[in-house]
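Worksheet for the structure shown next.
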Amino acid sequence: RKVKETLDVSVCGQEKTVSLHDADLYDHPILFMTGHGNVEFSEPERRVLRDYLLRGGLLFADDNYGLDASFRRELRALFPRHSLRALPNSHSIYNAHFRFPSGLPKIHEHDGKPAKAYGLEVDGRMVVLYTHETDLGNGWEDPEVHKTPPGLREKALRMGVNVVAWFLQGQSPK
């Protein structure tokens with residue numbers, strides 16, 4: 001809803017779960033994933049995801065505490081010649097619509113570590129956006145789910161708008 005209200009773009013009114021096996025996968029330009037623990041793609045799923053990303057899609061992954069090791073392992077399997085790189089606070093994703101001069105907002109506290117965003121680029125285009133130690137997704141859920149304070153919830157929503165705006169603007173790096 002925040003994306004539609006802020007950017008005046010047509011978006012699905014409800015959350016939609018998309019599988020790499022779905023016939024309409026390519027109708028969704030951005031895939032969002034989050035979770036805890038182990039993520040593991042089968043080799044056929046890796047082939048589909050790699051194709052999806054190389055054909056213009058974006059995988060936006062938000063580590064909800066515990067996904068990091070397995071997600072990074074899967075990225076190495078997907079793109080062995082490419083690696084995640086930290087996004088500097090000057091990256092255009094932090095200014096695509098709303099201004100985040102200090103970079104990625106910290107929504108949920110776990111270990112006292114700073115929030116970080118990483119990108120994986122192939123041929124000069126970011127195909128994976130990975131957020132770590134922030135839990136943006138917690139701020140997108142109904143307020144009573146995680147008891148996220150209104151100010152942090154608004155930051156999470158605005159950062160989500162920035163991701164979509166940045167993607168629609170052609171992902172300019174600076």
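Starting from 1, each residue takes its place in the sequence as its number.
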Polar side-chain atom of Asp62 near backbone of Gly137 as donor-acceptor pair, under 3.5 Å: yes
Aromatic rings Phe60 and Trp140: how do their planes relate, parallel, tilted or perpendicular, breaks at 30° and 60°? perpendicular
Output for pair (Ile107 CD1, Met159 CE), nearest 0.5 Å, gives 10.0 Å
When you measure from the side chain of Thr134 to the backbone N and O of Pro105, does any donor-acceptor pair fall under 3.5 Å? yes
So Asn38 and Arg73, side-chain contact (heavy atoms from CB on, under 4.5 Å) or not? Walk me through it. CA-CA 10 Å; Asn38 192 44; Arg73 180 195 68 229; 3.3 Å; yes
For the pair Leu136 and Phe32, evaluate side-chain contact (heavy atoms from CB on, under 4.5 Å) and give the outcome as yes or no after the intermediate values. CA-CA 11 Å; Leu136 287 173; Phe32 176 73; 6.0 Å; no
Partners meeting side chain to side chain contact (heavy atoms under 4.5 Å, CB included) with His132 (sequence neighbours left out): Asp63, Asp68, Tyr118, Tyr130
Using a 4.5 Å cut-off on heavy atoms from C-beta on, say whether the side chain of Ile93 contacts that of Val163. yes
One should read off an interatomic distance between Leu20 CG and Phe41 CZ, to the nearest 0.5 angstrom, of 6.0 Å
To the closest 0.5 Å, what do you measure between NE2 (His28) and CG (Leu58)? 14.5 Å
Tell me if a side-chain donor or acceptor on Lys106 pairs with a main-chain N or O of Lys113 at a distance below 3.5 Å. yes
Note: Lys16-Asp27 ion pair, threshold 4.0 Å (strictly below): no
Which atom pairs, donor and acceptor, lie under 3.5 Å between side-chain atoms of residues 77-89 and protein residues at least two apart or in another chain?
residue : atom : partner : partner atom : Å
Asn89   : ND2  : Ser102  : O            : 3.4

Taking atom NZ of Lys155 as the centre, does the number of heavy atoms from other residues, nucleotides or ligands within less than 6.0 Å exceed 12? no
Is it the case that one hydrophobic cluster holds both Tyr65 and Val39, taking links as side-chain heavy atoms less than 4.5 Å apart, direct or via other members? no
Quick one: do Leu25 and Leu31 satisfy side-chain contact (heavy atoms from CB on, under 4.5 Å)? Show the steps, please. CA-CA 9 Å; Leu25 172 68; Leu31 297 179; 3.8 Å; yes
For the backbone of Gly37 and the side chain of Ser70, can you confirm whether one donor and one acceptor N or O come within less than 3.5 Å of each other? yes
Is there a donor-acceptor contact under 3.5 Å from the side chain of Asp22 to the main chain of Ser19? yes
Name all residues meeting the side-chain hydrogen bond (donor to acceptor under 3.5 Å, both in side chains) criterion together with Glu141; count only those two or more places apart in sequence or in a different chain, and write none if there are none. His146
Report yes or no: do His97 and Asn162 form a side-chain donor-acceptor pair below 3.5 Å? no
